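This report refers to the structure that appears directly beneath it.
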2 protein chains.
Amino acid sequence: MKYQLFYWPTIQGRGEFVRLAMEEAGCPYEDVARAGKGGMGALMKYLESRSVARPPFAPPFLKAGRQVIGQVANILQFLGPRHELAPKDETGRIWTHELQLTVTDFVAEIHDTHHPVASGLYYEDQKKEARRRSADFLDNRLPKFLGYFERVLSRNPRGDRHMVGARLTYVDLSMFQLIAGLTYAFPRAMANSTRQYRRLLALHGRVGERPRIAAYLASPRRLAFNNQGIFRHYPELDA
Amino acid sequence: MKYQLFYWPTIQGRGEFVRLAMEEAGCPYEDVARAGKGGMGALMKYLESRSVARPPFAPPFLKAGRQVIGQVANILQFLGPRHELAPKDETGRIWTHELQLTVTDFVAEIHDTHHPVASGLYYEDQKKEARRRSADFLDNRLPKFLGYFERVLSRNPRGDRHMVGARLTYVDLSMFQLIAGLTYAFPRAMANSTRQYRRLLALHGRVGERPRIAAYLASPRRLAFNNQGIFRHYPELDA
């Protein structure tokens, strides 16, 4: 079965966490809104048509056969067991999902560093508030989240090469994306804390070298980071 | 099995979404941090002890036998099928969870109306920003989320008395809590939009009259809303 991913065509955004899982799994998928004419129309139909009984709230959503699944963590929970990106035991799966939900929380906070007032306003209209929020983010929230994920790695009874158990799961791929994005957005802050997060940075390095991920990153399928996505680089917000 | 809920003892907060599910299910549980001396210590141990291999990021978390489960939506996904608060079919369960994850997103935005700069600062230190964010919230975000949930009710092929299918699920209980909390926090804005959200308000009414929920609401187990939780009433932030 070929999956269809519905996401905005010009940003990595939240869709990237799903793309990375499908790329690592090597499963065929169509990135609908980027695939050609009519793609954006197909995406908008799911959001706006009255004939959709179970409309997603927002992209990304995944079409798998007749099923439409929204919310990143929900999509990953669906894909994980089907493509060997989740533990086999239920307890391990619940723990993996718990970590992914903490990624969701973190991503919302990362977004709000540049949009603390309103996602519908331009950055330029909330620059002052963004400076205050970003300063607190770098002082308190980033260390809280990354410190937590680093701790999870260091306490994994099966070793600090994976977040859960002894094999790669989708949450390792999400750690890769978090580190990549934060390094793009806050290069100075991240450069100052390489020791604190050495396990996470090593994980980021290993994931980026996996054959399918490396091939993906070098392909045109991987969009570049830019200042329309979640992770944005505004030097005035960095450390 | 008696569950143990770990959550801050003085607020409804995120823990309330879990409490409502356990109350409706009639399953025995201990609200650990409120249950007596040592409760807060037990909660903090899970967050801080180095001997916990899989530490939760934050309360609430639920102990079920030896398993510790964090993140509200994850806990509800665990409890739902065990206590007839989730659909029987996998597609229905994924959809219910997707809706709950949108509740999670909404709750974070509700919190940030009074804490748009930093959760670690007092409201008084971010009042100006809170006014801007709340104005946008009431104009754009609240109608976007509640309009969506109202649409989900109206499109449910099994009728508009439930969010999913023809029976109560945990997401109906979360809708109850959202409406209750928003009415406490933003009474004027909510009074102005009773027509727009008439199905959600009716659902809120029906849930509140269910025997176990009504008994819970009248009991000392239900904490009152207050200005330390997610839903806070600051008249200057209301419509």
Side-chain angles (χ1 to χ4, degrees), chain A residues 50-58 61 66-75 77-78 90-92 94-95 97-102 104-106 108-109 112 116-121 125-126 128-130 132-137 139-141 144-145 148-149 151-152 154-157 164, chain B residues 47 50-58 61 66-75 77-78 90-92 94-95 97-102 104-106 108-109 112 116-121 125-126 128-130 132-133 135-137 139-141 144-145 148-149 151-152 154-157 164:
Chain A
R50 285 171 188 238
S51 67
V52 179
R54 295 178 166 183
F57 180 71
F61 48 94
R66 291 180 55 202
Q67 199 168 357
V68 179
I69 304 165
Q71 287 279 1
V72 169
N74 201 31
I75 298 170
Q77 183 174 238
F78 175 85
E90 199 206 353
T91 305
I94 291 174
W95 170 236
H97 189 56
E98 177 176 337
L99 293 171
Q100 192 65 44
L101 292 176
T102 302
T104 304
D105 292 345
F106 192 23
E109 295 202 19
D112 281 8
V117 172
S119 52
L121 289 177
D125 297 325
Q126 49 198 307
K128 218 175 101 191
E129 292 91 344
R132 269 196 92 187
R133 177 138 186 167
S134 295
D136 178 79
F137 175 81
D139 284 350
N140 296 302
R141 303 304 289 174
K144 186 173 164 82
F145 280 97
Y148 171 74
F149 292 131
R151 217 149 56 231
V152 168
S154 75
R155 290 190 195 167
N156 180 356
V164 181
Chain B
L47 298 180
R50 284 169 189 242
S51 67
V52 179
R54 295 179 166 182
F57 180 72
F61 49 94
R66 291 181 55 203
Q67 200 168 356
V68 179
I69 304 164
Q71 287 279 1
V72 170
N74 202 30
I75 298 170
Q77 183 174 238
F78 174 85
E90 198 206 355
T91 305
I94 291 174
W95 170 236
H97 190 55
E98 177 176 337
L99 292 171
Q100 193 65 43
L101 292 175
T102 302
T104 304
D105 292 346
F106 192 24
E109 295 201 20
D112 281 8
V117 173
S119 52
L121 290 177
D125 296 325
Q126 47 197 313
K128 219 176 101 192
E129 293 90 344
R132 268 196 92 187
R133 177 139 186 166
D136 178 79
F137 174 81
D139 283 350
N140 296 303
R141 303 303 290 174
K144 186 173 164 80
F145 279 97
Y148 172 74
F149 291 131
R151 217 149 56 233
V152 168
S154 75
R155 290 190 195 166
N156 180 356
V164 181

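A note on names: the letters A, B, ... follow the listed sequences, proteins ahead of strands, and every chain is numbered from 1. Note that this is a predicted model, so its numbers are computed, not measured.
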- Task: Run through A:T91, A:N156, A:V152 and flag the one making a side-chain contact (heavy atoms from CB on, under 4.5 Å) with B:R54.
- Result: A:T91
- Query: Which of these passes side-chain contact (heavy atoms from CB on, under 4.5 Å) with B:N74: A:T102, A:L99, A:I94?
  - Reply: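 Option passing the side-chain contact (heavy atoms from CB on, under 4.5 Å) with B:N74: A:I94.
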I'd like to verify something: which residue of [options] has the highest number of heavy-atom pairs under 4.5 Å with chain B?
options	value
A:V164, A:D139, A:V72, A:D125	A:D125
A:K128, A:E109, A:E129	A:E129
A:A108, A:A53, A:P55	A:P55
A:S134, A:S51, A:A118, A:G70	A:G70
A:G120, A:P56, A:P157	A:P56

Heavy-atom distances under 4.5 Å only: say whether [X] touches chain B with side chain, backbone, both or neither.
X	result
A:F145	both
A:I75	neither
A:E98	both
A:Y148	side chain
A:R50	both
A:V68	backbone
A:T104	side chain
A:D112	side chain

- Query: Highest number of heavy-atom pairs under 4.5 Å with chain A: which of B:V117, B:V52, B:D136?
  - Reply: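 Most heavy-atom pairs under 4.5 Å with chain A: B:V117.
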For [X] and [Y], which heavy atoms make the closest approach, and how far apart are they?
X	Y	answer
A:R132	B:Q126	NH1-CA, 4.2 Å
A:D105	B:Q71	OD2-NE2, 3.1 Å
B:R133	A:P116	NH1-O, 2.8 Å

- Query: Can you check side-chain contact (heavy atoms from CB on, under 4.5 Å) on B:Q67 and A:E90, steps first, answer last?
  - Reply: CA-CA 11 Å; B:Q67 200 168 356; A:E90 199 206 353; 5.6 Å; no
